[in-house]
Amino acid sequence: MEWKRPLLLCLGWTAAMDSLAQTDRPNILFVIADDQSYPHASAYGTLWIETPGFDWVAQNGCLFGNAFVTSPGSSPSRASILTGRYPWQIAEAGTHASSFPSEYKCFTDMLEEAGYRVGFTGKGWGPGDWAVSGRKRNPAGTPYNKVRLTPPHKGISDIDYAGNFRQFLDKNAGRPFCFWLGANEPHRTYEKDSWRGEGKSTENVDVPPFLPDDDVVRQDLLDYAVEIEWFDSHLQKAIALLKERNLLDNTLIVVTADNGMPFPAAKANCYDAGIHVPLAICWTGKMKGNRKYGEVVSMVDMAPTFLDAAGLPPCADMAGRSLLPLLAGDDKAAARPMAFAGRERHSSARPGNVGYPVRAVRTKNFLYIRNIRPDRWPAGNPCYIDKEGHLSALHRAYFDIDGSPTWSHMVACRDSARVYPLFLNASSKRPYEELYDMRDDSGCLHNLVGDRRYADMLEELRSAMDRMQDETRDYRLDQNGKDRWDSYPRLRGGMRSFPEQP
């Protein structure tokens, strides 16, 4: 079916702007980690990570147990948050490290047009090239990155996120604001064994079932924990700044992550560890605290929520919907039976720079995945051609998996009967369909497609995905009958050569 770009409409804009009293509008603080999976915050009961800032937001607002991003990679996930649209609705912005067409309006643009001051620190939208699309700045807002510090460990950014937030507040005092506090943590790389200096122990680490329970993995997880705690320390400082300036009660605070942890079978995968993220929201002047919400929430809902909080209408074709009724206490108003996610190209990992297209449906209890090109390698081809023209050893590519001590260990120990199934789960070719019961298979290790007991559920989720793709015009072919996703250029990151596979 032929695909065409949609006509974007934002309705009722001028009337809404005219009707707003500037003093009535809340501030918005959006705090986003880079590569953090659920349940890796102490508010969820995780003992080996301490996140008092996140926990404070949860205690003074609402803690979400089933929040899902729309893509397991930074660029498409962040673009989806900004636009309130699924990645397959925003052209090049829906894949990794490409462009961000200016025709797709962001909530930051709309808030600024309505009188808000809009800024960001750290990582806004990216990686990608927003300038090539004619944009004048990062879609997340005006950058505030001049305040720097000496980080405690290698791999941690020297950007002082809280210090830049203070500078933003100083410059925009007395005006309603929207600030995007985007940490670069816990994105790799990590300082190996940084956990030792932080007084951590490997004994209480919960190793996800899709990773081998070995010391090298436990230690790598603790290095990941150190970076989450650094991110949380800046959240604590940001909250203190709001208190100091008497802005807290009128500030909507959202804390989450863009995608899952940078480990095999997590980030860049539509398995649960790739799309299931922490989420806590508070608005102390408007919301009751100490609430927990276990139904499904999608991050595509963020843009309409922020606009609604500011008294503004969403664009007519936004896929998300406002969470304000839920935040006000009406749990049923925001009930969403399922969340949708997908991915295309993540890195340069296959011949011709093609991606690995996936769509997923997550309900409270089940995850259905459709691997649209099961002939391709999900983590990238097993070997590549280096700059000298030499063929790498087998299993030394897989560039959709972040390099790490954990992955090196899994490759080195792949002949072990204990490690081999997990190595295959992360890297080998996958069937067209996968179905998992999340109640007893959080690691997504037991595919239920073909199990008669789940035939009705499989058909229900198949149909739900078909409807979603039709309603959101999720079509792959362009006007020439070619896969449009494979034509989008990679504008950030290196390009690699691969041997052609039969």
For [X] versus [Y], what's the shortest heavy-atom pair and its separation?
| X | Y | answer |
| --- | --- | --- |
| Thr95 | Trp485 | N-CZ3, 4.0 Å |
| Ala162 | Lys237 | CB-CB, 3.5 Å |
| Ser75 | Ala97 | OG-N, 3.3 Å |
| Met110 | Leu312 | O-CD1, 4.0 Å |
| Arg78 | Gly126 | CD-O, 3.9 Å |
| Pro101 | Ala93 | CD-N, 3.9 Å |

Regarding [X] and [Y], is there a side-chain donor-to-acceptor distance under 3.5 Å anywhere?
| X | Y | value |
| --- | --- | --- |
| Thr251 | Trp283 | no |
| Ser80 | Thr70 | yes |
| Asn371 | Glu433 | no |
| Tyr161 | Asn184 | yes |
| Asn353 | Asp486 | no |
| Thr51 | Asp232 | no |
| Arg430 | Asn269 | yes |

- Message: Taking NZ in Lys286 as the centre, count heavy atoms belonging to other residues, nucleotides or ligands within less than 6.0 Å. Is the count above 12?
- Response: no

Between [X] and [Y], does the ring centroid distance fall short of 6.0 Å?
| X | Y | answer |
| --- | --- | --- |
| Phe179 | Phe120 | no |
| Phe340 | Phe68 | no |
| Phe177 | Phe168 | yes |
| Tyr190 | His153 | no |
| Tyr44 | Tyr38 | yes |
| Trp125 | Phe100 | yes |

Measure the spacing between [atom1] of [X] and [atom2] of [Y] and express it to the nearest 0.5 Å.
| X | Y | atom1 | atom2 | answer |
| --- | --- | --- | --- | --- |
| Ser404 | Asp223 | OG | CG | 11.0 Å |
| Ile275 | Ser37 | CD1 | OG | 10.5 Å |
| Ser99 | Glu92 | OG | CD | 4.0 Å |
| Glu434 | Cys270 | CD | SG | 9.5 Å |
| Cys178 | Phe306 | SG | CZ | 6.5 Å |
| Leu461 | Phe366 | CG | CZ | 8.0 Å |

Any sub-3.5 Å donor-acceptor pair from [X]'s side-chain atoms to [Y]'s backbone N or O?
| X | Y | answer |
| --- | --- | --- |
| Ser77 | Asn259 | no |
| Arg343 | Ala268 | yes |
| Asn138 | Gly141 | no |
| Asp258 | Ile32 | no |
| Arg362 | Val296 | no |
| Thr83 | Lys105 | no |
| Asp301 | Arg321 | yes |
| Arg135 | Ser133 | no |
| Glu227 | Phe231 | no |
| Asn381 | Ala397 | no |

Run the salt-bridge test on [X] and [Y] with the 4.0 Å N-O cut-off and return the result as yes or no.
| X | Y | answer |
| --- | --- | --- |
| Asp375 | Lys429 | no |
| Arg166 | Asp160 | no |
| Arg350 | Asp400 | yes |
| Arg336 | Glu295 | no |
| Glu185 | Lys123 | no |

- Task: Go through the steps to decide whether Glu344 and Tyr488 satisfy the test side-chain hydrogen bond (donor to acceptor under 3.5 Å, both in side chains), and finish with yes or no.
- Result: CA-CA 10 Å; Glu344 294 292 337; Tyr488 294 149; over 6 Å; no

- Leu235 vs Leu181, side-chain contact (heavy atoms from CB on, under 4.5 Å): CA-CA, chis, key distance, verdict: CA-CA 8 Å; Leu235 170 59; Leu181 195 159; over 6 Å; no

State, with a plain yes or no, whether a side-chain heavy atom of [X] is found less than 4.5 Å away from one of [Y].
| X | Y | answer |
| --- | --- | --- |
| Leu252 | Leu29 | no |
| Ile385 | Pro499 | yes |
| Met465 | Arg370 | yes |
| Ser322 | Leu324 | yes |
| Arg484 | Arg476 | no |
| Trp88 | Met468 | yes |
| Ile159 | Asn164 | yes |
| Lys387 | Arg496 | no |

- Message: Tell me every residue that passes side chain to side chain contact (heavy atoms under 4.5 Å, CB included) with Ala131, counting only those two or more places apart in sequence or in another chain.
- Response: Asp129

- Return the set of residues passing side chain to side chain contact (heavy atoms under 4.5 Å, CB included) with Thr142 (not counting sequence neighbours), or none when no residue passes.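 Per chain and number, Thr142 pairs via side chain to side chain contact (heavy atoms under 4.5 Å, CB included) with Arg137, Tyr144.
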
Return the orientation label for the [X] and [Y] ring planes: parallel under 30°, perpendicular over 60°, tilted otherwise.
| X | Y | answer |
| --- | --- | --- |
| Phe107 | Phe30 | perpendicular |
| Tyr398 | Trp407 | perpendicular |
| His234 | Trp230 | perpendicular |

- Intermediate values then yes/no, side-chain contact (heavy atoms from CB on, under 4.5 Å), Ser392 and Asp386: CA-CA 7 Å; Ser392 73; Asp386 65 22; over 6 Å; no

- Task: Give a yes/no verdict on a cation-pi contact between Arg188 and Phe263, requiring under 6.0 Å between NZ or CZ and the six-membered ring centre and an angle within 45° of the axis.
- Result: yes

